[in-house]
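Inspection log for the structure reproduced underneath, given as structure tokens.
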Amino acid sequence: MNNDAGGDRRPSTWTREHASGLERTAENTAPVIYPPDEPTDPDNHIWDTWLLRTPDGEIADVGGYRVIVALSAPNDLLPGKRHDVATHRFYYSADGRTWTPGGTLFGDSDPLGSRQWAGSAIYDPETGAVSLYYTAAGHRDESDLSYTQHLAVAHGGSIRVDDGVHFDGPWEHDSLARPDGEWYEREEQSRGMIYTFRDPWYFEDPETGEAYILFEGNTPVPEGTDACGGDAEQQAFNGSVGIARADRDDPTACELLPPLVDGVCVNQELERPHVVYRDGTYYLFIASHKHTFAPGLDGYDALYGFAADALFGEYEPLNGTGLVATNPANAPFQAYSWLAYGHRGEILVTSFFNYYDYDRPSLDDVGLLPAAEQFRRFGGTLAPTLRLGVDGLETWIRGTLAHGHLPTKDEPLPETETERLARLRGERDGRDGYGR
Ligand code: FRU
């Protein structure tokens, strides 16, 4: 156990040895996704999505509605261009199955950055305070898009419910943190592919009540360092899960702490880190891509995870390698940007429906397709929700729910078909349980 938040604490590591065992299995491979009858939003593509939560991490109940926030772009824009115009929109639902578009999240306020990438959203029912954390990508008024990123928050506004849900300003937009260059690489230090300092995720440690912000970063590996046993190419892949101290009562508070996990020599992007706490265990999840693994490692577009018995580690990769849920081999890019949350005895995972009917070796090849094919093969809508079983360091996919079905924690879910058959087989053979 490593309970020390700051100072000299060293991050847990995701090693090449862990990642060299990455392999699709029946437990970690999701079923093929087919397009839904209706997309989540008829006018916009959506991708990275998060639930509005209360400070303790539960799904917020806003006058009987639950709310999601998603990155969005008009659906007549070529999907590959969407990151350049990403805008936060929200959607609300009374049943967690059908979502009503609520419009843009920040109204007519002017968020930081030239566009806004992923974050998290917190509503405190006791005070009515709303904190909308986000990634400010680029500079506000830049004419040429830059890829600089910093963590930001919008606060001061409120939520109103009548026949629907409204986010009312005025919103104040504040910068929270920029990379310090020591624990977190600055853009100019980066020698890798896609530089990262983004995706702020608010989390309160249930064991201490302390507030933190997790985020995606990169660990500086100075020129001349030998971080990967003599392989200079590998050390350009230096993704990390960052953490900063936050404060429930002051949304602008943010003090950088050393990373929780780093994947130096393993992977460049440990995206959208978030924690699900279950019975004394901290499950830390990230999304990552096949093409961001360092040379010599074969990974997947997948949800990866780690577990520890304290927020600050020591984290061990789930299932030995870190792989929790991936796409099937014949649809390797069908979903991305997974987000996990606890639900009774299991963990539910939402994601977005990405490129389907597409099995070229890399997402980089999407641009080689004619524009009409790029549109046709892009989902841009919520994917089916995955149900994960979890037992210590082991996870397995139990089954799926419909596209965009996001139950709150009290909603009972039926036994999956696989489990029903296993139970019947077990009863027939005189065993009980699910055959596990
Ligand atoms: C993951 C991601 C996030 C980022 C967003 C930008 O899908 O790379 O890390 O905030 O996409 O669109």
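Whatever order the structure lists them in is the order used to number ligands and atoms, beginning at 1. Just so it is clear, the model here is predicted, and its values are computed rather than measured. Residues: numbered from 1 along the sequence shown.
Of the N or O atoms in Trp47, one or more lie within a sub-3.5 Å distance of an N or O in ligand 1. Any N or O atom pair closer than 3.5 Å counts here, and Ala118 shares at least one such pair with ligand 1. For ligand 1, the polar-atom distance check against Thr135 finds no nitrogen or oxygen pair separated by under 3.5 Å.
When Thr292, Asp199, Asp48 are checked for heavy-atom proximity to atom 10 (O) of ligand 1, Asp199 turns out nearest.
Judged by distance alone, the side chains of Thr292 and Asn267 do bring a donor and an acceptor atom under 3.5 Å apart. With 3.5 Å as the limit, one finds a donor-acceptor pair spanning the side chains of Glu411 and Thr408. Side-chain contact check for Tyr277 and Glu207: at least one donor-acceptor pair (N or O, by modelled atom type) lies under 3.5 Å.
Contact annotation: for Glu216 versus ligand 1, heavy atoms closer than 4.0 Å belong to the side chain alone. By the criterion of a heavy-atom distance under 4.0 Å, the side chain of Leu71, and not its backbone, is placed next to ligand 1. Only the side chain of Ser337 comes within contact range of ligand 1, with a heavy atom under 4.0 Å; no backbone atom does.
Counting the atoms of ligand 1 from 1 in the order shown, those under 4.0 Å from a heavy atom of His83 are 6 (C), 12 (O). Near Glu271, meaning under 4.0 Å from any of its heavy atoms, are these atoms of ligand 1: 1 (C), 2 (C), 3 (C), 8 (O), 9 (O). Atoms of ligand 1 lying under 4.0 Å from any heavy atom of Tyr336, numbered from 1 in the order shown and given with element: 1 (C), 7 (O).
For the pair Arg53 and Trp201, the cation-pi test (distance below 6.0 Å, angle within 45°) is passed.
The distance between the ring centers of Tyr92 and Tyr65 falls below 6.0 angstrom.
Looking at Arg398, its side chain never comes within 3.5 Å of a backbone N or O of Glu346 through a donor-acceptor pair. Judged by distance alone, the side chain of Asp95 and the main-chain N or O of Arg97 form a donor-acceptor pair under 3.5 Å.
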